[in-house]
Amino acid sequence: MAKPRLHPDVAEVLLTERRIHRRIATLAREIAKCYSDKEVTIITVLNGSMVFLGELLHRLPMPTRLDSIVARSYGARTTSSGRVRTRCQWQLSLKDKHVLLVDDILDTGQTLKMIRDRLRRECPASLRTCVLLNKPTRREVDLQPDFVGFNIPDKFVVGYGLDFAERYRNLPCIAVLKPEIYRA
Ligand code: IMP
Ligand code: MG
C-alpha cells in the first residue's frame, strides 16, 4: 500500500494512526477491567477529545452515559493562557454515578483540575480521569490521571482532534508542526 502523504506543515509524526488505535484498544480494556459491568458516565472535554472519544467509546463494553463540557485555554497560541474558560456544561445528573472525565491532553493540568473539582461537587460515586496524551514534565497542579494513552515530551502537538488555532484537528496522526507555522 502507498504510504500516506505527510501534510506539508508537519515537521515530525510522533504517533501514527495505527499506533494510536492499538493503544486505545488496550486502554479500553484497562477501563473495562476497572469498572467491570458498572455503568459509567463519561464527561468529555470538547473540542479536542472528540476523535479520541469516538475511537474509545465504541470499544467500551459496559453500559455508558455520555455528556460533555466545552473548555478553552489556548486560543491561537502554543502555551496555556492560564485562564480556563468553559461553556455548555454537562446536563446529566452525576450524583452517586461512576464518572469518567475524558480529555485529549494533560499539559499544565489547569483545565482538568478545574473541571474535576467542579464534578466532585456533584457527589459522584467515583471520579476518574482519562487522557490520550500526557506531558508529565509540564504539570503545574497536583493531578495524576487514572488512564493515560501515551506520555509524550514537552512539544506542542496537533492532530487526532488536537488543534493549533482550531486547525489540524483532522490529521489522522499526532504530529509536531514546522516552527514557522507556530510563529505565523
Ligand atoms: P492544560 O490546562 O494546560 O492541562 O491544557 C489542557 C488543554 O490545552 C488541552 O485540553 C488541550 O486542549 C490544550 N493543549 C495542551 N497542550 C496541547 C498541545 O500540545 N496541542 C494542542 N492542544 C494542547
Ligand atoms: Mg482540550
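For this chain, numbers begin at 1 and follow the sequence in order.
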About how many Å separate [atom2] of [Y] and [atom1] of [X], when rounded to the nearest 0.5 Å?
X: K97; Y: S126; atom1: NZ; atom2: OG; answer: 11.5 Å
X: R121; Y: K95; atom1: CZ; atom2: NZ; answer: 16.0 Å
X: R85; Y: M114; atom1: CZ; atom2: CE; answer: 10.5 Å
X: L94; Y: L101; atom1: CG; atom2: CG; answer: 10.5 Å
X: H58; Y: L53; atom1: NE2; atom2: CG; answer: 10.5 Å
X: T41; Y: E122; atom1: OG1; atom2: CD; answer: 11.5 Å

- Item | More than 12 heavy atoms of other groups within 6.0 Å of D142 CG | no
- Message: Does atom CD (Q91) have a neighbourhood of more than 12 heavy atoms from anything else shown, all under 6.0 Å?
- Response: no
Test item: [X] side-chain N/O and [Y] main-chain N/O as donor-acceptor pair under 3.5 Å:
X: K135; Y: K155; result: yes
X: Y182; Y: F156; result: yes
X: S49; Y: F52; result: no
X: T26; Y: R22; result: yes
X: D96; Y: P124; result: no
X: Y160; Y: R169; result: no
X: D67; Y: I43; result: no
X: R139; Y: L143; result: yes
X: R23; Y: V148; result: yes

Would you indicate whether the side-chain heavy atoms of [Y] and [X] approach each other to under 4.5 Å?
X: E39; Y: M62; value: no
X: T44; Y: D103; value: no
X: I69; Y: R87; value: no
X: L132; Y: I20; value: yes
X: D104; Y: V45; value: no
X: V176; Y: V10; value: no
X: W90; Y: L119; value: yes
X: I42; Y: L60; value: yes

- Query: Do T64 and L66 pass the side chain to side chain contact (heavy atoms under 4.5 Å, CB included) test, and can you show the C-alpha distance, the side-chain angles, and the key distance before you say yes or no?
  - Reply: CA-CA 7 Å; T64 61; L66 177 63; 5.8 Å; no
- Query: If you measure from the Lys or Arg side-chain nitrogens to the Asp or Glu carboxylate oxygens, is any gap between D163 and R167 under 4.0 Å?
  - Reply: no
- Task: Output yes when E12 and K178 qualify as a salt bridge under the 4.0 Å nitrogen-oxygen rule, no when they do not.
- Result: no
Looking only at heavy atoms, what is the nearest atom pair of [X] and [Y], with distance?
X: I181; Y: F164; result: O-CE2, 3.5 Å
X: H7; Y: Y168; result: CE1-CE2, 3.7 Å
X: D107; Y: R138; result: OD1-NE, 2.7 Å
X: I152; Y: L133; result: CG2-CD2, 4.1 Å
X: R59; Y: A25; result: NH1-CB, 3.6 Å
X: L56; Y: C130; result: CD2-SG, 4.4 Å

- Message: For L127 and R120: C-alpha separation, side-chain torsions, deciding distance, then whether side chain to side chain contact (heavy atoms under 4.5 Å, CB included) applies.
- Response: CA-CA 7 Å; L127 177 55; R120 223 177 235 159; 4.2 Å; yes
- Query: Under the criterion side-chain contact (heavy atoms from CB on, under 4.5 Å), which of T111, L162, V131 is the partner of I105?
  - Reply: L162
- Task: Please state whether the rings of H98 and Y35 are parallel, tilted or perpendicular, taking 30° and 60° as the class boundaries.
- Result: perpendicular
- Taking atom types as modelled and ignoring hydrogens, do the side chains of T86 and R118 form a donor-acceptor contact shorter than 3.5 angstrom? yes
